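Have a look at the structure below, then the notes.
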Amino acid sequence: MNTCIFCKIISREIPADIVYEDKNFLAFLDINPTQKGHILLMPKSHYRWVQDIPDDLTQESALLQKKIMNSLTANIGCDYILIAVEGLQVEHAHTHLIPSYFDKKNADWHHVTYDPGEIAKYASKIRSVL
Ligand code: AMP
Ligand code: ZN
C-alpha cells in the first residue's frame with residue numbers, strides 16, 4: 001500500500017491547495033510555509049530524491065519551475081525566489097520554491113502562518129497566471 005502523502009495529494013485522497021497540474025507534475029502550496037506563497041513542485045510519479053527523476057522529466061520540471069518562479073515574482077511581489085531541495089519529511093521528490101525578500105532572511109527557516117482563508121487566495125492568485 002502506498003502511504004506517501006504526496007502521492008495521496010496527487011490521487012486526491014488528501015486535499016491540497018493546488019496551483020498547477022499537468023500530465024507529469026503537480027505544484028501546491030506548502031502547508032507550513034517559510035514565506036506566504038511557498039510552493040512545492042513535484043513529479044506525479046514517485047521518486048525518492050530529485051536526482052532520481054529521469055532526465056526528460058527533469059528538463060520539463062526546470063521549465064515549469066521557471067514559469068512558477070515568474071508567476072510568484074509577478075503576483076506575490078517578492079524580490080526573488082529561493083529554490084530548495086530537502087526531502088527529509090516527505091520521501092517523494094519535490095522542490096521548494098520560496099518567495100523571498102531582500103530585507104527578510106531565509107536562513108533561519110522560520111515559519112509563518114496563513115490567516116483563515118488566505119492560503120486559498122494565494123493559490124488562486126498563482127494559479128491564474130500558470
Ligand atoms: P521536506 O521533505 O523536508 O522537503 O519537507 C516537506 C515539506 O512538505 C514541508 O515543508 C511540509 O510543510 C510540507 N508538507 C507536508 N505535508 C504537506 C501537505 N499535506 N500539504 C502541503 N504541504 C505539506
Ligand atoms: Zn509519493
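Not measured: the values here are computed from a predicted model. Start at 1 and go down the list; that is how both ligands and their atoms are numbered. Any value given below was found using the heavy atoms of this structure, including those in side chains, with hydrogens, waters and symmetry copies removed.
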Quick check on Val85 - does any of its heavy atoms sit under 4.0 Å from an atom of ligand 1? no

Any side-chain heavy atom of Tyr80 sitting closer than 4.5 Å to one from Tyr101? no

Taking 4.0 angstrom as the limit, do Glu21 and Arg12 come out as a salt bridge? yes

Quick note on ligand 1: atoms under 4.0 Å from a heavy atom of Leu40 include exactly 8 (O), 13 (C), 22 (N)

Taking a cutoff of less than 4.0 Å between a non-hydrogen atom of the residue and any ligand atom, is Ala16 in contact with ligand 1? no

for atom 12 (O) of ligand 1, nearest protein heavy atom and its distance come out as Asp30 OD1, 2.6 Å

Three-point angle His92:ND1, the Zn ion (ligand 2), His46:ND1, rounded to the nearest 10°: 110°

The protein heavy atom nearest to atom 19 (N) of ligand 1 is Ile9 CD1, 3.9 Å

Close side-chain approach of Phe28 to Asp17, heavy-atom, < 4.5 Å: no

Part of His96 with heavy atoms under 4.0 Å of ligand 1, whether side chain, backbone, both or neither: side chain

The SG(Cys7)-the Zn ion (ligand 2)-SG(Cys4) angle, to 10°, is 120°

Which residue and non-hydrogen atom of the protein lie closest to atom 16 (N) of ligand 1, and at what distance in Å? Ile5 CD1, 3.3 Å

Using modelled atom types and a 3.5 Å cut-off, is there a donor and acceptor pairing between side-chain atoms of Thr58 and backbone atoms of Ile53? yes

Which atoms of ligand 1 sit under 4.0 Å from any heavy atom of His94? 1 (P), 2 (O), 4 (O), 5 (O), 6 (C)

Heavy-atom contacts with Leu29 under 4.0 Å: which atoms of ligand 1 show up? List them by number with element. 21 (C)

Find out whether Leu97 and His38 are in side-chain contact, i.e. whether some heavy atom of one side chain is under 4.5 Å from a heavy atom of the other. no

When the ring centroid of Phe25 is compared with that of Tyr20, is the distance short of 6.0 Å? no

Polar atom proximity, Leu88 to ligand 1 (N or O, under 3.5 Å): yes

Which of the atoms in ligand 1, numbered in the order shown and given with their element, are less than 4.0 Å from a heavy-atom of Glu86? 3 (O), 4 (O)

Without swapping roles, check the side chain of His92 against the backbone of Trp49 for a donor-acceptor pair under 3.5 Å. no

I need the nearest protein heavy-atom contact for atom 5 (O) of ligand 1: residue, atom name and distance, please. Gln89 CB, 3.6 Å

pair His96-Leu40: side-chain heavy atoms closer than 4.5 Å: yes

Would Phe6 count as being in polar contact with ligand 1, using the rule that some N or O on each side must be under 3.5 angstrom apart? no

heavy-atom search around atom 23 (C) of ligand 1 in the protein gives Ile31 CG2, 3.6 Å

Identify the two heavy atoms, one from Leu41 and one from Ala27, that lie closest to each other, and give their separation to 0.1 Å. CD1-CB, 4.1 Å

Taking Glu118 for the side chain and Asp115 for the main chain, is one N or O donor matched with an acceptor at less than 3.5 Å? yes

